[in-house]
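Not measured: the values here are computed from a predicted model. All ligand and atom numbering here is 1-based and tracks the order in the structure.
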Amino acid sequence: MVSRVIPVEAFDLVIFGGTGDLARRKILPGLFRRFCAGQMPPEARIIGAARSDMDDAGYRDFVRAAILEFDPGRPQNCPQLDSFVTTLGYVTTDARGEAGWADLAKRLRDGAVRAFYFSVGPGLFGDLAERLKLYGMAHRQARIVVEKPFGRDRDSARALNATLAQHFAEDQIYRIDHYLGKETVQNLMAVRFGNLLFEPIWSAQYVDHIQITVAETVGVGGRGGYYDKSGAMRDMVQNHLMQLLCLIAMEPPSKFDPDAVRDEKLKVIRALDPVEPHHIVRGQYDATGDEPSYREDAGDARSKTESFIALKTHLSNWRWSGTPIYLRTGKKLKARTSEIAVVFKDTPHSIFGADARSEGVGGGQNVLSIRLQPNEGITLGVTIKEPGPGGMRLINVPLDMSFADALGPEVEEVPDAYERLIMDVMRGNQTLFMRGDEVEAAWAWTDPIIEGWVARGDVPKTYDAYSAGPEDALMLMHRDGRRWREVKS
Ligand code: BG6
């Protein structure tokens, strides 16, 4: 396959929090991979900025070690690590003081694309934005990249938006939700809007329900302090699951451009119904073997924070009125899997009689399953005749399109979400980033749900580690005569 990597223009990228965990695990190894792929030009410069005392040579060693730790096989396949590290520099910078800022300003080149990655807690966003302005670095071509969590409710998100808006215009602010950078998430848009096939049946008239599952096997050990203040609702539903829901439910945008896409996503969020308390199940994983329980990981024996949530909601709009939408996510579940399943209604009448129906894969209904991870791909469950004698017996089998199989061994390596998103920042393409009003609207839907359980003093149900979550979550579906798709990798 001919390489279709289009190099981006030379850029200066400053990573605030350049020695932090996200920078080591994701941002810097991701940039190295783009360098190897020929997308990051050798004239690009990456400047780490953090409080630690370090010089350029020290940072180069630091980044080399991070790449060898988090992507150990890469330097063997791509012998360009030495050239990559020459693009790196470091400035000791105090986000709340004056140290380092003048030096940082001197390092940036006029005329090059300029981006500042705020890989720090949101408490520092305002300080960084203000100093970038003060030291003359926030010119009209500058971009800032901000990480989640973007606030912890609508008011704090609104305040953050207002703070950033004092120094940067909306088209300079790139709010990252790394789920939008995943290959299959973009494929979802290609499948929906690049084929005629699905659009006529993409509505309440033909869709029985939609279910979205993001299941993880990891617990919260190591980041229990942060997580216990968030919980699954703030950590996953308000952002990642909400974004997936938007892409699956939105109207076709008039073009694939940032505002056209984000306008349609915003309409979805605003059409979401409030969630009834009895349509929410929260859980906390239990201890197993010598592995701690959620409460032990969180360091709070009475924590009421959820490590699992399942809920049912609806969209009040013409297309989806009456179609239930089930969302589910949790830690320490049976398998690591993320899937969106569009479950279609049964045929209005079976000409083959009730006896002909056999369960098969995915029951009798057509299910379009979009798998984000692992084994990215799309499967459509269709009913066929069970082969062989014995009359007309029906079976549901998957029409499977695993991208790896379908596109063959020559397919270029799929970039990780962060790599793709950082390159989009450099190209100035905001389509896969959240707009300020979208984030606020997502919180406006989330806030009353959280306030409700806080006011009622709800305590999450305990569930077995490495299970499918609390029994009540299964009941949420069973009561409606439906069932969750199996959590399996
Ligand atoms: C992060 C959450 O945003 O996404 C984590 O804070 C979660 O709790 C992670 O583990 C999941 O991302 P991925 O790409 O591994 O599915």
Run the ring-centre check on F16 versus Y117 and record whether the distance is less than 6.0 Å. no

Look at the rings of [X] and [Y] and say which category their plane angle falls in: under 30° parallel, 30 to 60° tilted, over 60° perpendicular.
X: F125; Y: F150; value: tilted
X: Y90; Y: Y59; value: tilted
X: Y418; Y: H178; value: parallel

Could you list the donor-acceptor pairs under 3.5 angstrom formed by side chains in residues 44-52, with sequence neighbours left out?
from	atom 1	to	atom 2	distance (Å)
R45	NH1	R107	O	3.4

Six-ring centre of F198, R192 cation under 6.0 angstrom, axis tolerance 45°: no

What residues sit with at least one heavy atom under 4.0 Å from ligand 1? K148, H178, Y179, K182, E216, R223, D235, M236, H240, K331, R336, Q373

